[in-house]
Amino acid sequence: MSDTILDVRNLEVQFKTDTRVVKAVDGISFQVKRGRTLGIVGESGSGKSVTSLAVMGLIPNPPGRIAGGEIWFNDDQSAGKPVDLRTVSTEKLRDYRGDRIAMIFQEPMSSLNPVYTCGYQLVEAIRQHTKLSESEARRRAVSLMQEVRVLPPDAELKRRHVEDLHQNSGILPSEADLDREINRQKLAILDRYPHELSGGQLQRIMIAMAISCNPTLLIADEPTTALDVTVQATILDLLRELRDRRGMSMMFITHDLGLIAEIADEVAVMYEGKIVEYGSVLNIFSNPQHPYTKGLLTCRPQPTRRLRLLPTVSDFMEVVLLPNGEKRLQEKKLDVNVALAENQEVSEAEFDRRMKALQQQEPLVSVRDLQVAFPIRGVFGQTKRYMTAVNHVSFDVYPGETLGLVGESGCGKSTLARTLMRLIEPKAGQILFEGRDILALSSKEVRQLRREIQIIFQNPYSSLDPRMNIGEAVMEPLQIYGRGGKRQHRDRVAYLLERVGLNPTWMNRYPHEFSGGQRQRVSIARSLALNPKFIICDESVSALDVSVQAQVLNLLKELQSEFGLTYIFISHDLSVVKFMSDRIIVMNHGKIEEVGTSDSIYLHPQQPYTRQLISAIPLGTLDRIRERQLQRGLSA
């Protein structure tokens, strides 16, 4: 039997627009071996997801079509005769999808139907490709929920139930009663709707749906992008375990080479529809050949080093526009280690001097014993109890400092940020800005205060009004606060756009005409319009590719130096927070776990929770790659 499960040859996918035909995938070839993982990595728009949709036969037509190439699939049911999926009828292709080839999509909240229960959707997927009855499919769904660890095993459920009964009533149930209760608990999870589960649980349900019919090939399209680093680590562990136990082949698609190191055996690096580098994961990481690969490897923050600025893809190559309109990559002869060396490290002595100078000043912001709670309403609208989101939090932020705030989703980071802006009213505590208690200010005074305090939100797609061009979006704060005339406003907008790396002539364009990284630059320009002293960056790079993320992080550092800004930088990714921050606060369940300098938090964590966050960072080191390969009995 052939060792190759999927053999893609010269694949070409085109999309027709009003003005031209766009080659989203341009003549690529690759193979996926039995029981192994091919990692496909590249920026948004490189053709990664379109490639996976082409394999699944899900290219929307119109406007897209597979213009050329072959997609050969060969599993146990093929009886040694590979099938070109391009030649298979639509009806027959449905039998392949979900049964022999399955896919985990990027965003589980948009992949699951919100009006149906998770159990209904999982049972539907099972019954589509099997002859199981409704009750058999529900039992199978429960078993899958346990396999992907949405549900604990039966023994653990029994232990927990017996402990609860023993503590509350002291009565132990009979074996029959215990079995009935455990079955009730297991079936109850099937009746939950998507909004009742966390992002990590929803992604596990998507994985359960994908493996429900024991596929030969599993395609995972950015399955961890929207997740916390700790949840991301558990999902990667789960995918590795399922692959090895079931003998599945996998295509793992991501923009982050750090994740590729954790799970892939072979790697295909895509850029503008082409595969620019292809090889084993160890070769790609130890000896990258293409400048784009070198850029991706170095642009992710390195927790073990204290760099002034991050290397970017543009340090390794530039795109030259030829007279005929075509683009050509021009390599800059730069080695990965040279690039890291050129972005000088901040010495320990220099860092200590900076911290001492910062803390000799009076704090710009002081938070004392802050509490934020949200009411839980009863059936008739009365307040039954309060859910505490921020619990007795105190800290100082000094002028010119970047204070990092790190923790998982739901820990209270964003609630704290919005409370500092007076977008949420706290239950108790004190917030001082330049010595003034902002909680005692009137609405009019708070509005004036927001000249000095600005926020950059997480998602640039939803934080900009799609009906306003970017010039109007950046100009709006100037108009609200009446600073200068129309000509001065336009001059200020042009200066800010240029300063954040955008062409001032683009100010009449609308947000949908820009990439995610460009939109976030617009949001940064808007936040700078009134010359604030204090900016809160709330997950401001988490929605961006790592290469674009590096550019935005560098920009934030440069702007801080130029304008004397003070930041609170919020993220769930400790490696990003460490690069940006002078000091770090680790939050968990609304409380501060620990506070310290960025180096002390990373190198000498005091709390188990902090150590858990650090261990979840995908490092992408050669030693880690060799260790993963040896664990699977593969030659490194």
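Residue indices begin at 1 and follow the sequence shown.
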What salt bridge (Lys or Arg N to Asp or Glu O under 4.0 Å) pairs are there with at least one residue in [range], not counting sequence neighbours?
{"range": "residues 604-621", "result": "none"}
{"range": "residues 425-435", "result": "R422-E425, E434-K533"}
{"range": "residues 612-621", "result": "none"}

> Which is it for V372 and V393 under the side-chain contact (heavy atoms from CB on, under 4.5 Å) test, yes or no, and what are the steps along the way?
Replying inline: CA-CA 10 Å; V372 182; V393 166; over 6 Å; no
>> Apply side-chain contact (heavy atoms from CB on, under 4.5 Å) to residues V576 and F569 and explain how you reach the verdict.
In response: CA-CA 9 Å; V576 171; F569 190 88; 3.6 Å; yes
For a quick test of reading the model, state the closest non-hydrogen atom pair linking [X] to [Y] and the distance between them.
{"X": "I614", "Y": "Y602", "value": "CD1-O, 3.5 Å"}
{"X": "K413", "Y": "L405", "value": "CD-O, 3.8 Å"}
{"X": "L259", "Y": "P618", "value": "CD2-CG, 3.8 Å"}
{"X": "T234", "Y": "R149", "value": "O-NH2, 4.3 Å"}
{"X": "L197", "Y": "C118", "value": "CD1-SG, 3.7 Å"}
{"X": "T419", "Y": "I431", "value": "O-CD1, 3.7 Å"}

> With Q121, which residues qualify under side-chain contact (heavy atoms from CB on, under 4.5 Å), at least two apart?
Replying inline: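 Q121 satisfies side-chain contact (heavy atoms from CB on, under 4.5 Å) with L112, N113, Y116, P194, M209 once adjacent residues are dropped.
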Let me confirm one number: the [atom1]-[atom2] distance from [X] to [Y], rounded to the nearest 0.5 Å.
{"X": "D491", "Y": "L478", "atom1": "CG", "atom2": "CG", "value": "11.0 Å"}
{"X": "Q359", "Y": "R583", "atom1": "CD", "atom2": "CZ", "value": "5.5 Å"}
{"X": "I104", "Y": "S111", "atom1": "CD1", "atom2": "OG", "value": "10.5 Å"}
{"X": "Q520", "Y": "C537", "atom1": "CD", "atom2": "SG", "value": "8.5 Å"}
{"X": "H604", "Y": "E594", "atom1": "NE2", "atom2": "CD", "value": "12.0 Å"}
{"X": "D191", "Y": "T117", "atom1": "CG", "atom2": "OG1", "value": "6.0 Å"}

Under 3.5 Å: donor-acceptor pair, side chain of [X], backbone of [Y]:
{"X": "Q361", "Y": "P399", "answer": "yes"}
{"X": "D538", "Y": "S414", "answer": "no"}
{"X": "Q146", "Y": "P152", "answer": "yes"}
{"X": "N554", "Y": "L310", "answer": "yes"}

Under the rule for salt bridge (charged side-chain N to carboxylate O under 4.0 Å, His left out), what residues qualify as partners of [X], not counting sequence neighbours?
{"X": "D573", "answer": "R300"}
{"X": "R368", "answer": "D396"}
{"X": "R159", "answer": "E156, E163"}
{"X": "R353", "answer": "none"}

Close side-chain approach of [X] and [Y], heavy atoms under 4.5 Å:
{"X": "L555", "Y": "V500", "result": "yes"}
{"X": "I568", "Y": "F534", "result": "yes"}
{"X": "R450", "Y": "V446", "result": "yes"}
{"X": "E539", "Y": "S571", "result": "yes"}
{"X": "F395", "Y": "L416", "result": "yes"}
{"X": "P223", "Y": "Q203", "result": "yes"}
{"X": "Q607", "Y": "N588", "result": "no"}
{"X": "R308", "Y": "V346", "result": "yes"}

> Given the rule in the side-chain hydrogen bond (donor to acceptor under 3.5 Å, both in side chains) test, do R509 and N503 qualify, once you have shown the distances and angles that lead to the verdict?
Replying inline: CA-CA 11 Å; R509 296 186 183 181; N503 192 327; over 6 Å; no
Taking distance alone, no hydrogens or angles, what donor-acceptor pairs closer than 3.5 Å link side-chain atoms of residues 557-564 to residues at least two apart or in another chain?
| unit_1 | atom_1 | unit_2 | atom_2 | d |
| --- | --- | --- | --- | --- |
| K557 | NZ | F579 | O | 2.9 |
| Q560 | OE1 | T402 | OG1 | 3.3 |
| Q560 | NE2 | G400 | O | 3.3 |
| Q560 | NE2 | T402 | OG1 | 2.8 |
| Q560 | NE2 | L565 | O | 3.2 |
| E562 | OE1 | R499 | NE | 2.4 |
| E562 | OE1 | R499 | NH2 | 2.9 |
| E562 | OE2 | Y495 | OH | 3.1 |

> For the side-chain contact (heavy atoms from CB on, under 4.5 Å) test, which of L364, L420, L441, V397 pairs with F433?
Replying inline: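 Of all the options given, the one that passes is L364.
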> Out of D582, I536, L556, which residue meets the side-chain contact (heavy atoms from CB on, under 4.5 Å) rule with Y567?
Replying inline: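 It is L556, the one option of D582, I536, L556 that forms the side-chain contact (heavy atoms from CB on, under 4.5 Å) with Y567.
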Other residues, nucleotides and ligands only: do more than 12 of their heavy atoms fall within 6.0 Å of [atom1] on [X]?
{"X": "E498", "atom1": "CD", "value": "no"}
{"X": "R240", "atom1": "CZ", "value": "yes"}
{"X": "R447", "atom1": "CZ", "value": "no"}

> Should L613 and E408 be marked as a side-chain contact (heavy atoms from CB on, under 4.5 Å) after you check the CA-CA gap, both sets of side-chain angles, and the distance that decides it?
Replying inline: CA-CA 9 Å; L613 287 179; E408 295 174 289; 4.3 Å; yes
> Got a sec, which residues hit side chain to side chain donor-acceptor pair (under 3.5 Å) with D437, two or more places apart in sequence or on another chain?
Replying inline: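 With sequence neighbours excluded, D437 shows a side chain to side chain donor-acceptor pair (under 3.5 Å) to no residue whatsoever.
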>> For S547, give me all partners under side chain to side chain donor-acceptor pair (under 3.5 Å), at least two apart in sequence or on another chain.
In response: E43
> With sequence neighbours left out, which residue pairs that include part of residues 466-478 fulfil the side chain to side chain donor-acceptor pair (under 3.5 Å) condition?
Replying inline: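 Only D465-R467, E476-R526 qualify under side chain to side chain donor-acceptor pair (under 3.5 Å).
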> So R204 and I235, side-chain contact (heavy atoms from CB on, under 4.5 Å) or not? Walk me through it.
Replying inline: CA-CA 7 Å; R204 288 169 186 271; I235 294 296; 3.7 Å; yes
>> What verdict does the side-chain hydrogen bond (donor to acceptor under 3.5 Å, both in side chains) test give for S442 and E445, after you've listed the backbone C-alpha separation in whole Å, the side-chain angles of each residue and the deciding distance to 0.1 Å?
In response: CA-CA 5 Å; S442 66; E445 289 172 318; 3.2 Å; yes
